[in-house]
Amino acid sequence: MKKYTSVHDVADLDQLVEEALHLKANPYKYKNLGENKTLGLIFLNPSLRTRLSTQKAGQNLGMNVIVMNLDKEGWALETQQGAIMNGSTVEHIKEAAAVMGEYCDIIGIRSFPKLQNREEDYNEELLQQFIQYSKKPIVSLESATRHPLQSLADLLTIKENKVEGKRPKVVLSWAPHIKPIPQCVANSFAEWMGQADVDFVITHPEGYGLADEFSAGATVTTNQQEALEGADFVYVKNWSSYTNYGQVLTDGEGWMLTNERLQVSNNAKVMHCLPVRRNVELSDEILDGPNSLVLEQANNRTYAAQAVLKRMLEAK
Ligand code: CP
């Protein structure tokens with residue numbers, strides 16, 4: 001595996017899930033695989049889970065891990081081709097990514113969308129330039145449009161918690177939030193569920209439809225209660241509008257998930273990638289209750305990352 005930026009970089013999804021579960025049971029089995037190899041984790045945005053779990057994953061494989069908050073600790077980065085750099089940017093991504101490629105054997109990069117220009121964000125300019133100029137295997141730690149390590153961890157979590165022999169009903173339910181949030185997690189989860197053995201439903205208020213490339217194959221409804229009927233898993237997430245790009249169109253009254261709203265479900269397990277706004281997106285009673293999977297999801301981030309890094313190390 002030379003890059004891990006979406007589900008499309010995974011040739012054998014079931015095998016990757018099995019590999020991650022094997023690593024969860026045997027986290028140090030391959031502790032010599034990454035000996036004398038360096039993992040560079042580059043963050044242009046805040047992170048708790050991605051940063052710590054990917055660092056731990058690299059260390060479990062015996063790698064040296066370097067972490068840099070590029071937005072705060074690096075030079076201001078220029079990404080435009082042909083830019084006359086007489087303004088605030090100090091270093092072009094051509095040199096910055098290439099230099100990191102000299103120091104690292106595998107590079108992870110996190111860069112959120114600006115939510116101002118949809119075409120620019122959905123072109124994944126920064127991620128693509130890192131792939132091009134670093135010349136090293138690249139792992140997306142969440143890009144402008146996707147969060148593939150989160151999605152792999154989510155799929156592991158569903159596999160571990162589903163009833164054997166039953167095709168689960170999985171619902172992605174939009175939730176309120178106080179500010180515009182990227183579509184990455186929702187896009188990515190939808191894209192992965194499209195490849196998984198599940199019945200998948202997306203529910204959101206009017207104006208929050210995801211891009212067709214992500215929601216293709218899903219049942220989409222603006223009626224949350226209808227969507228929740230018989231659900232085995234409910235994935236709660238806010239995202240800003242794709243059509244009115246980056247905008248918040250509603251205060252989302254009535255969309256926060258509560259036990260009352262879940263009564264029509266099949267005693268659904270509830271998922272969220274975290275961080276979560278308690279009592280805005282999800283009620284305390286759910287997060288603190290027996291059906292919450294949020295900590296299992298967070299734990300599985302380590303083994304999702306470890307499976308991906310292992311494949312990259314083995315491919316070198
Ligand atoms: N879920 C997730 O990616 O969390 P962080 O933003 O804390 O890394």
Side-chain angles (χ1 to χ4, degrees), residues 4-7 20 24 39-60 65-73 106-115 121 124 126-127 130 138-158 160-161 170 172-175 177-193 214 233-240 257 269-278 280-282 286-287 292-309:
Y4 181 79
T5 60
S6 83
V7 74
K24 188 173 182 178
L39 171 64
L41 301 178
I42 311 300
F43 288 87
L44 285 104
N45 306 97
S47 168
L48 188 160
R49 281 143 290 273
T50 306
R51 180 180 178 131
L52 297 184
S53 63
T54 313
Q55 191 165 352
K56 185 174 167 185
Q59 287 167 346
N60 285 355
V65 187
I66 303 171
V67 184
M68 184 172 185
N69 298 311
L70 192 60
D71 58 329
K72 297 182 188 70
E73 297 162 354
I106 298 173
I107 296 174
I109 173 92
R110 166 172 281 202
S111 172
F112 289 170
K114 295 191 180 80
L115 291 180
D121 287 344
E124 294 283 13
L126 195 113
L127 180 65
F130 255 90
I138 294 285
V139 181
S140 167
L141 304 175
E142 188 168 351
S143 71
T145 63
R146 293 174 174 90
H147 196 353
L149 288 177
Q150 180 67 53
S151 303
L152 176 53
D154 297 336
L155 187 54
L156 294 187
T157 310
I158 290 172
E160 288 180 311
N161 286 279
V170 179
L172 171 61
S173 185
W174 183 92
H177 204 284
I178 59 154
K179 62 177 194 173
I181 297 290
Q183 295 101 35
C184 327
V185 171
N187 282 345
S188 200
F189 185 70
E191 193 170 54
W192 283 69
M193 288 302 106
F214 298 106
F233 295 90
V234 182
Y235 199 103
V236 180
K237 187 72 186 87
N238 170 268
W239 62 90
S240 58
L257 200 68
K269 303 279 188 189
V270 179
M271 305 175 71
H272 190 288
C273 63
L274 303 181
V276 64
R277 297 258 178 174
R278 277 177 175 255
V280 175
E281 296 176 83
L282 259 174
I286 293 181
L287 283 164
S292 170
L293 295 180
V294 299
L295 297 183
E296 288 189 46
Q297 287 171 263
N299 184 33
N300 281 336
R301 290 293 307 273
T302 299
Y303 309 105
Q306 204 171 328
V308 169
L309 294 173

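Predicted model only: the values in this text are computed from it and were never measured. Atoms within each ligand, like the ligands themselves, are counted from 1 in listed order.
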Legend entry - T50 side chain to R301 side chain, donor-acceptor N/O pair below 3.5 angstrom: yes

Inset, instruction - Determine the minimum heavy-atom distance between F43 and R51, stating which atoms define it. - result: CZ-CA, 3.5 Å

Inset, instruction - Mark up the atoms of ligand 1 that fall under 4.0 Å of a heavy atom belonging to C273, in ascending order. - result: 1 (N)

Legend entry - ligand 1 N/O within reach of L274 N/O, cut-off under 3.5 Å: yes

Legend entry - Per-atom contacts of ligand 1 with R110, taking only distances under 4.0 Å to non-hydrogen atoms: 3 (O), 5 (P), 6 (O), 8 (O)

Inset, instruction - List every atom of ligand 1 that sits less than 4.0 Å from any heavy atom of L48, numbering the atoms from 1 in the order shown and giving each element. - result: 5 (P), 7 (O), 8 (O)

Legend entry - Element-labelled atoms of ligand 1 that are located less than 4.0 Å from some non-hydrogen atom of R301: 1 (N), 2 (C), 3 (O)

Legend entry - Pair S240-Q183, side-chain donor/acceptor within less than 3.5 Å: yes

Legend entry - Spatial distance of atom OG1 (T54) from atom CD (Q306) [nearest 0.5 Å]: 11.0 Å

Legend entry - Donor + acceptor pair across side chains of E296, N300 (<3.5 Å): no

Legend entry - Gap separating the OG atom of S6 from the NE2 atom of H147, nearest 0.5 angstrom: 14.0 Å

Inset, instruction - Select one of side chain, backbone, both or neither to describe which atoms of V185 lie under 4.0 Å from any atom of ligand 1, heavy atoms only. - result: neither

Legend entry - Pick from R49, H147, Q297, Q150: the one approaching atom 3 (O) of ligand 1 most closely through a non-hydrogen atom: H147

